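Within every chain, numbering begins at 1; the chains are lettered A, B, ... in the order of the sequence lines, protein sequences first and strands thereafter. Keep in mind that this is a model prediction, so the values were computed, not measured.
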Number of protein chains: 2
Amino acid sequence: MLTQQRKAHILEVLRRDGRIIAKTLSQELGLSEDTIRRDLRELAAEGLLQRVHGGALPASPALADFSGRQGVAPGAKAAIGRAAARMIQPGQVVFLDGGTTAVQVARNLASDLKATVVTHSPSVAVVLAEHPTVEVVLIGGRLFKHSVVAVGAATFAAIAQVRVDTFFMGVTGVHAEVGLTTGDWEEAAVKRAVCRHAAETVVLASHEKLGAASPYVIAPITEISTLVVEDGLPDYLIEPYRRLGIAVQTARDP
Amino acid sequence: MLTQQRKAHILEVLRRDGRIIAKTLSQELGLSEDTIRRDLRELAAEGLLQRVHGGALPASPALADFSGRQGVAPGAKAAIGRAAARMIQPGQVVFLDGGTTAVQVARNLASDLKATVVTHSPSVAVVLAEHPTVEVVLIGGRLFKHSVVAVGAATFAAIAQVRVDTFFMGVTGVHAEVGLTTGDWEEAAVKRAVCRHAAETVVLASHEKLGAASPYVIAPITEISTLVVEDGLPDYLIEPYRRLGIAVQTARDP
DNA sequence: CTTGACTTTGCACGTTTATGCACGTTTTAT
DNA sequence: ATAAAACGTGCATAAACGTGCAAAGTCAAG
């Protein structure tokens, strides 16, 4: 295998999985870890990824504002993204929320999926612009920079004009009693509005969100039908939601 | 085997396998590696493939997001972007079109500029999400993937609700008689609509756009007040526009 | 048919690049 | 506090590289 080809492969794996583990990759490619480490160092020098102990993480300048958060649980987020992407049936109309997890869902849509994705996240729109068959509807409004999503009156008005089959919601807190929560008042209102216009709502949550609560409540937990979480979590974390009749889907982290 | 025939074969193998390994190919064809290397060098000089250590890789698609498209000719477009960015006054409300040139404008806004940018391009929105002070208004609609901008009825409705001081328009053709043109009918309609809701329209055009015409006419050239072009162009290219009373701003390429 | 200009190819040479290993250091986990 | 894993650096080797050159081949004008 050519060196440049290998580097391209590394970037592809990074995009797909949200992380690189040097040892794993060296075994996969049948090369010494030194070589992989060298590649990672060079790619990092070009600013194409971020080097960390044990491997590498994305450096995506387009999502630089996220970069701090992106490091939280990249493998898990990518796995959740894949699991959510698999839930979308051909012909469906779905709403994709903003945030890093939603971007992972967009990245992992099957490349032959014919469906419509509605989103108020320009990041999601940019990713899906490269998808060959998915129809994208962009919801406008005032840009809330912290989360990179549209919010405000115009956003509400636009959301009122669509009805979707499934809403894939990102949150910062999932709590059996407090409900679904997030860190911005206006964002919470938008999520609530989308929820009302969706036949079904699916919440994407990596483990640090479970049992946590943020300042602004979006809706009670019973509003949602499915919770997608990473695999291998202790039972006591997910049991409360099962007991409330919520389907808990676990995403394997390959 | 004829040289040209061999080169055609190389390109075919490259398309089929996604890569060329010089040694393998030389054995396959019963020629010395030197000959193959020479071919690869020449094909690379023609831009038909990308030369790498050990062989070659495809020229465009695999590499497009690898080394980055905008690295190709960073000079002119970036210079035009900087020049346009300098034209924005504090407190103004401007509309930024889609396209790579508009993204350059967004990247080059002074980091302390307090202004409002309206755009139907998610790419521009993502870039401006990192800007500390600029207010961003995102116009929604159906996503036209080729240009990565929102189009359609919803886009029209949203545009009708804003009035901006300056519209920075990207085009694919600027011609003194034909006018401003672009390659998509719906995009042309959107640009025309924005034009009507702007006090002033500025067109950003790198040299290859001047004197060129695309299928769909946006507006007559007299609709615009300023044309931003790169520096160092021959007079005969810009003189026709000056004669029509259009201010031609040249962007130094430092 | 011959001549001379030009092209193509393979080889020799010295240079650059890629890779794996050894060694000592730093980071992480226990 | 300690052990294991990951790290960076220097080094040796082999592969791949470019260049200059000469032999073989091609072609058109004479």
Does OP1 or OP2 of [N] have a side-chain N or O of [X] closer than 4.0 Å?
X: B:T3; N: C:dT9; answer: yes
X: B:R38; N: D:dA16; answer: no
X: B:R41; N: D:dG18; answer: yes

Atom-pair distance ([atom1] on [X]; [atom2] on [N]), nearest Å:
X: A:Q5; N: C:dA18; atom1: CD; atom2: P; value: 14 Å
X: A:K23; N: C:dT28; atom1: NZ; atom2: C1'; value: 14 Å
X: B:K7; N: C:dT8; atom1: NZ; atom2: P; value: 8 Å
X: B:I20; N: D:dA16; atom1: CD1; atom2: P; value: 14 Å
X: A:D39; N: C:dA18; atom1: CG; atom2: P; value: 9 Å
X: A:Q27; N: C:dG20; atom1: CD; atom2: P; value: 14 Å
X: A:E42; N: C:dT19; atom1: CD; atom2: C1'; value: 12 Å
X: B:R51; N: D:dA16; atom1: CZ; atom2: P; value: 11 Å

Return the nearest nucleotide to the side chain of [X]; candidates are [options].
X: B:H53; options: C:dG20, D:dA16, D:dC7; answer: D:dA16
X: B:R6; options: D:dC17, C:dT9, D:dC7; answer: C:dT9
X: B:R37; options: D:dA6, D:dC17, C:dA18; answer: D:dC17
X: A:L31; options: D:dC7, C:dG10, C:dT19; answer: C:dT19

What is the minimum heavy-atom distance between B:A22 and B:L40, and which atoms define it?
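Taking every non-hydrogen atom into account, CB-CD1, 4.4 Å.
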Looking at D:dC7, does its base get a donor-acceptor pair with the side chain of A:D34 below 3.5 Å?
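Per atom types, no contact qualifies.
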What class does the angle between the rings of A:F167 and A:F95 fall in, given that below 30° is parallel, 30 to 60° is tilted and above 60° is perpendicular?
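Ring orientation of A:F167 relative to A:F95: perpendicular.
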For DNA chain C, whose closest nucleotide is more 5', that of A:T35 or that of B:G30?
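Closest to the 5' end, via its nearest nucleotide, is B:G30.
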Under the 3.5 angstrom rule, does the side chain of B:R51 hit a backbone N or O of B:G55 as a donor-acceptor pair?
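Yes; at least one donor-acceptor contact below 3.5 Å.
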Does a donor on one side chain sit under 3.5 Å from an acceptor on the other, for A:K191 and A:T182?
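Not at all, the side chains of A:K191 and A:T182 share no donor-acceptor pair under 3.5 Å.
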Tell me whether A:E177 at atom CD has more than 12 heavy atoms from other residues, nucleotides or ligands lying less than 6.0 Å away.
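No, CD of A:E177 has 12 or fewer neighbouring heavy atoms, counting only those of other groups under 6.0 Å.
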